[in-house]
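Only one structure is covered here, and it is reproduced in the block below.
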Amino acid sequence: MRKLKHMLERIVPEPLLERLLPLYHLSLAYLGAVFYTHPARKLLVIGVTGTKGKSSTAEMLNAIFEEAGYTTAVLNSIRIKTGAKSEPNLMRMTMPGRFFIQKFLFDAVRAGCTVAILEMTSQGAAQHRHRFIDLDALIFTNLAPEHIESHGSYEEYANAKFEIGREFARSKKRPRIMVANADDEQGVRYLSLSVENVLPFSLSACKPWSADERGGHFNFDGLDISINLPGEFSLKNALAAATTSQALGIQSTVIMKALGKIRTIPGRAERIEAGQNFTVVIDYAHTPDSLEALYIAYAKLRKICVLGATGGGRDMWKRPVMGALAAQYCASVILTNEDPYDENPRMIADEVASGMKRKPEIVMDRREAIRHALSRARAGDAVLITGKGTDPCICGANGKQTPWSDARVAREELARMLGASEV
């Protein structure tokens, strides 16, 4: 199939190719479903879409259903899990194509899974990777500007995302459950879908609630649910998972117990503990909204922030915006390399710095930047390392991929630093 696509790109005029490619992708989605005998029909399948919080919500759903005794499968940006087998998602693709998702669901059925949880993206939908997957439930978390260059505009991005909702409305499953963030202006589109159950969620309906850098709590079905993950955004993700799980028959006490057991989610406000007397956090935050939400979660602490902003060739508009946010919330900002692709990484850093009223430090070697941030921290501070999360590599020019892990590097540098202090 890959050879066929490359051949088409070589011999077909570009305007005609733009018309043929959607049909090509749609055909692949259909053939994959047929080849693997429509495995989604043999599972309870939950889709999670939105700009932020998809992976975390999927992980919370998984914890809840496992606590309730179900055997689960999960496909998200963090990992690929079928039953007891779980491995990191190293593909840098949330929704891989060319039959991958259908094979994943097929393998889930063979592994004895009864529930599958899928993170679903606008870019995957643009290539019809969401098609022919019969969902029982869909969660919409929120929408914020992202992938503007690839989609053409924010409106086109929102429309591409909503195609997932339209496909959900075509699902043959009954009853279908739509759970959407009522506090997001795009939520009304999802709540207007013609399905059997439409459930809005909002923290304002779950008072009393509170959140800080250590965790938070909210009222749900008369229970005070506590979580150990930071910030208001974590409460919203937990509420989305709780609302969906309850609608699918999980008891509220089971939901409370499961959410309370979660101590960390890889790459999502992940705390790195190595015996240091300050906080170190790895987070995927790569939009202005998600970056600000993380900074607000640690409002009480003096923050030293390592920021790469955006990958090369994409969403250039948000570089100075994210720089401005870092300057606003952080006591110290260190700009560094992230995923430059074919752009000059120093030029990316300079564009981020252009939004800052005070001059940041620029350390282009990402390990050196993390080391420098850790060395600047005092007792009680927070070192926030954003942009990569669980991404397994740094993507450079000419397709070069350098293996990478922010969490591993932070642990190595903490061990070196703490070891040296004991000598």
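Side chains included, hydrogens not; waters and symmetry mates left out as well; all remaining heavy atoms used.
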Under the criterion side-chain contact (heavy atoms from CB on, under 4.5 Å), I'd like the reasoning laid out for Ser252 against Gln246: C-alpha separation, chi angles, the key distance, then a yes or no.
CA-CA 7 Å; Ser252 300; Gln246 185 186 58; 3.1 Å; yes
Please assess Asp183 against Ser202 for the test side-chain hydrogen bond (donor to acceptor under 3.5 Å, both in side chains), listing each intermediate value before the final yes or no.
CA-CA 6 Å; Asp183 296 328; Ser202 170; 3.0 Å; yes
With a cut-off of 6.0 Å (strictly less than), are more than 12 heavy atoms of other residues, nucleotides or ligands near CD of Glu368?
yes
Arg416/Glu412 ion pair, N-O < 4.0 Å:
no
Please tell me if the side chains of Leu75 and Ile101 come closer than 4.5 Å, counting only heavy atoms from C-beta onward.
yes
Which heavy-atom pair separates Ser122 from Tyr157 by the least distance, and what is that distance?
OG-CE1, 3.3 Å
I'd like to check Ile385 versus Val280 (side-chain heavy atoms, cut-off strictly below 4.5 Å). Are they in contact?
yes
Taking the ring centre of each residue, are Tyr284 and His286 less than 6.0 Å apart?
yes
Counting only heavy atoms not in Tyr154 (residues, nucleotides, ligands), do more than 12 fall under 6.0 Å from its OH?
yes
Check for a donor-acceptor pair, side chain of Arg271 on one end and backbone N or O of Thr264 on the other, with a separation under 3.5 Å.
no
Going through the distances and angles, do Asp406 and Thr390 end up as a side-chain contact (heavy atoms from CB on, under 4.5 Å)?
CA-CA 7 Å; Asp406 272 354; Thr390 54; over 6 Å; no
Could you verify whether a donor N or O on one side chain and an acceptor N or O on the other, from Arg79 and Ser86, lie under 3.5 Å apart?
yes
Shortest non-hydrogen contact between Met95 and Gly124, atoms and distance
SD-CA, 4.1 Å
Hits for salt bridge (charged side-chain N to carboxylate O under 4.0 Å, His left out) against Asp391, two or more places apart or cross-chain, chain-then-number order -> Arg92, Lys388
Among Glu59, Glu87, Glu66, which residue satisfies the salt bridge (Lys or Arg N to Asp or Glu O under 4.0 Å) criterion with Lys81?
Glu66
Is there a side-chain contact between Leu138 and Ile164 (heavy atoms, below 4.5 Å)?
yes
Interatomic spacing from OG1 in Thr243 to CD1 in Ile177 - rounded to 0.5 Å:
11.0 Å
Pair Thr71-Thr114, side-chain hydrogen bond (donor to acceptor under 3.5 Å, both in side chains): steps then yes or no
CA-CA 6 Å; Thr71 303; Thr114 51; 5.5 Å; no
Rounded to the nearest 0.5 angstrom, the CG-CD distance for Leu90 and Gln401 is 10.5 Å
Would you call the rings of Phe65 and Tyr70 parallel, tilted or perpendicular if under 30° counts as parallel and over 60° as perpendicular?
perpendicular
Within the distance-only criterion (no hydrogens, no angle test), does the side chain of Asp212 pair as donor or acceptor with the backbone N or O of Gly231 below 3.5 angstrom?
no
Pairwise distance OG1(Thr386) to CG(Leu307) - rounded to 0.5 angstrom:
5.0 Å
Donor-acceptor contact present, side-chain Gln251 to main-chain Thr253, <3.5 Å:
no
With sequence neighbours excluded, residues passing side-chain hydrogen bond (donor to acceptor under 3.5 Å, both in side chains) with Gln102
none
Nearest atoms (heavy-atom pairs only) where Ile362 meets Ala349:
CG2-CB, 4.2 Å
Does the side-chain hydrogen bond (donor to acceptor under 3.5 Å, both in side chains) test come out yes or no for Glu213 and Thr279, once each step is laid out?
CA-CA 10 Å; Glu213 73 277 3; Thr279 300; over 6 Å; no
Thr336 side chain to Val363 backbone, donor-acceptor under 3.5 Å
yes
Exam field: side chain Glu196 to backbone Arg176, donor-acceptor pair closer than 3.5 Å
yes
Please check if atom CE in Met347 has more than 12 non-hydrogen atoms from other residues, nucleotides or ligands closer than 6.0 Å.
no
Mind telling me whether Phe99 and Tyr36 have parallel, tilted or perpendicular rings, with 30° and 60° as the class edges?
perpendicular
Mind running side-chain hydrogen bond (donor to acceptor under 3.5 Å, both in side chains) on Arg189 and Asn159 for me, showing each step along the way?
CA-CA 10 Å; Arg189 296 182 75 184; Asn159 290 336; 3.2 Å; yes
Are any side-chain N or O atoms of Asp339 and backbone N or O atoms of Cys395, one a donor and one an acceptor, separated by less than 3.5 Å?
yes
Do Asn197 and Met178 have side chains that approach each other closer than 4.5 Å (heavy atoms only, starting at C-beta)?
no
Can you tell me how far apart CD1 (Ile334) and CZ (Arg366) are? Round to the nearest 0.5 Å.
11.5 Å
With rounding to the nearest 0.5 Å, note down the distance linking CD in Glu292 to CG in Leu325.
5.0 Å
In the structure I gave you, are the side-chain heavy atoms of Thr37 and Lys42 within less than 4.5 Å of one another anywhere?
yes
Under 3.5 Å side-chain donor-acceptor pair for Lys54 and Thr94:
no
Salt-bridged, Asp365 to Arg371, with N to O below 4.0 Å?
no
State whether the side chain of Lys236 and the backbone N or O of Thr141 hold a donor-acceptor pair below 3.5 Å, judged by distance alone.
no
Taking the side chain as C-beta and beyond, is there a heavy-atom pair between Thr49 and Thr121 under 4.5 Å?
no
Can you tell me how far CG of Asp184 sits from OH of Tyr190, rounded to the nearest 0.5 angstrom?
9.0 Å
side-chain contact (heavy atoms from CB on, under 4.5 Å) between Ser77 and Arg268: does it pass, once the steps are laid out?
CA-CA 11 Å; Ser77 299; Arg268 273 57 179 178; 3.7 Å; yes
Can you sort out the partners of Thr287 under side-chain contact (heavy atoms from CB on, under 4.5 Å), two or more places apart, ordered by chain and number?
Thr51, Lys52, Glu146, Asp289, Ser290, Lys318
Shortest non-hydrogen separation from Pro39 to Val109 and the atoms involved:
O-CG2, 3.9 Å
Side chains of Asn62 and Thr72, donor plus acceptor under 3.5 Å:
yes
Run the salt-bridge test on Arg314 and Glu338 with the 4.0 Å N-O cut-off and return the result as yes or no.
no
Would the distance check show the side chain of Asn89 and the main-chain N or O of Met91 forming a donor-acceptor pair, the cut-off being under 3.5 Å?
yes
Taking the side chain as every heavy atom from C-beta outward, state whether Cys330 and Tyr295 have any atom pair closer than 4.5 Å.
yes
Criterion side-chain contact (heavy atoms from CB on, under 4.5 Å) on Ile265 and Glu270, from CA distance to verdict:
CA-CA 6 Å; Ile265 296 174; Glu270 178 183 3; over 6 Å; no
Using a 3.5 Å distance criterion without hydrogens, assess whether the side chain of Arg319 forms a donor-acceptor pair with backbone atoms of Glu351.
no
Here's a test for you: under salt bridge (Lys or Arg N to Asp or Glu O under 4.0 Å), which of Arg41, Lys172, Lys173 qualifies with Asp134?
Arg41
Would you indicate whether the side-chain heavy atoms of Phe220 and Met256 approach each other to under 4.5 Å?
no
